[in-house]
Amino acid sequence: MVGPLTALRGWARALKRDVVALWIAARDPRTPWRARLLAGAVATYALSPIDLIPDAIPVLGVLDDLLIVPAGLWLALRWVPPALMAEYRAAALDRDRPRSRIAAAVIILLWLGAIGITLWWWRGR
């Protein structure tokens, strides 16, 4: 009998594998263009070393990881043809988990922009 913790670990491993598989799918021209865009966005966000909403922010910091990534993953997996997805999953098992420095830079720029707008607004009061 499989316990709930074992099942959760299996689900987490599959989620990590599928994120890497989507990263591969986003770079393969055989993947339909809308699936490539979504797969690239989901993989970039999930592989970014920096969260859009830091985990230190109560509730919201964890919700982005628990809702945004699985929802985007679910939709992207529906848009990638099953035969291609099986190929990408097999390839993902042989790869290390990449890091998205571009996503980290974008997130840092978003935070700096938000801070700048807040300071500009505060100064104008």
Side-chain angles (χ1 to χ4, degrees):
M1 182 170 195
V2 176
L5 191 56
T6 304
L8 188 61
R9 283 186 186 137
W11 178 78
R13 268 189 240 108
L15 187 71
K16 288 179 182 180
R17 180 206 59 215
D18 283 350
V19 167
V20 175
L22 286 180
W23 179 78
I24 296 167
R27 286 157 179 74
D28 190 337
R30 297 177 297 165
T31 305
W33 69 269
R34 70 178 187 167
R36 287 178 71 187
L37 287 175
L38 183 60
V42 170
T44 299
Y45 181 76
L47 296 171
S48 172
I50 301 172
D51 281 344
L52 182 61
I53 303 170
D55 291 342
I57 296 173
V59 181
L60 292 178
V62 177
L63 278 180
D64 73 328
D65 294 330
L66 292 176
L67 296 177
I68 294 173
V69 173
L73 196 78
W74 174 80
L75 187 58
L77 291 175
R78 292 182 57 115
W79 288 356
V80 176
L84 286 177
M85 198 61 214
E87 182 182 325
Y88 301 145
R89 282 180 173 138
L93 293 174
D94 297 332
R95 290 196 179 199
D96 290 332
R97 185 173 184 237
R99 293 276 182 205
S100 178
R101 290 188 182 104
I102 293 171
V106 168
I107 290 169
I108 289 170
L109 288 174
L110 285 171
W111 274 105
L112 290 174
I115 291 167
I117 289 170
T118 302
L119 291 174
W120 174 77
W121 174 79
W122 186 269
R123 187 175 174 185
R125 290 181 74 216

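For clarity, every value in this text was computed on a predicted model and none was experimentally measured.
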Check: Which pair of non-hydrogen atoms, one from Leu73 and one from Val19, has the smallest distance, and what is that distance?
Finding: CD1-CG2, 3.9 Å
Checklist line | Closest approach of Ala39 to Ala26 (non-hydrogen atoms, all atoms of both residues) | finding: C-CB, 4.1 Å
Check: What are the two closest heavy atoms between Ala21 and Ala92, and how far apart are they?
Finding: N-CB, 3.7 Å
Check: If you group Ile, Leu, Val, Met, Phe, Trp and Tyr by side-chain heavy-atom gaps below 4.5 Å, do Leu93 and Val20 land in one group?
Finding: no
Checklist line | Selection residues 8-33 - residue pairs positive for salt bridge (charged side-chain N to carboxylate O under 4.0 Å, His left out), sequence neighbours left out | finding: Asp18-Arg89, Asp28-Arg30, Arg30-Glu87
Next item on the list: Any salt bridge (charged side-chain N to carboxylate O under 4.0 Å, His left out) involving residues 35-46? Give me the pairs, sequence neighbours left out, ordered by first then second residue.
Entry: none
Checklist line | Side-chain hydrophobic cluster, 4.5 Å single linkage: members besides Ile117 | finding: none
Note to self: Quick one, Leu77 and Leu22 - any side-chain contact, counting heavy atoms below 4.5 Å?
What the structure shows: yes
Next item on the list: Heavy atoms only: give me the nearest Ala25-Thr31 pair and the separation to one decimal.
Entry: O-OG1, 3.0 Å
Note to self: With side chain to side chain donor-acceptor pair (under 3.5 Å) as the rule and sequence neighbours excluded, what pairs involving residues 105-122 come up?
What the structure shows: none
Note to self: Other members of the hydrophobic cluster containing Leu119, with the 4.5 Å side-chain heavy-atom rule, please.
What the structure shows: Ile115
Next item on the list: Tell me who clusters with Trp33, hydrophobic residues only, linked when side chains sit under 4.5 Å apart either directly or through other members.
Entry: Leu37
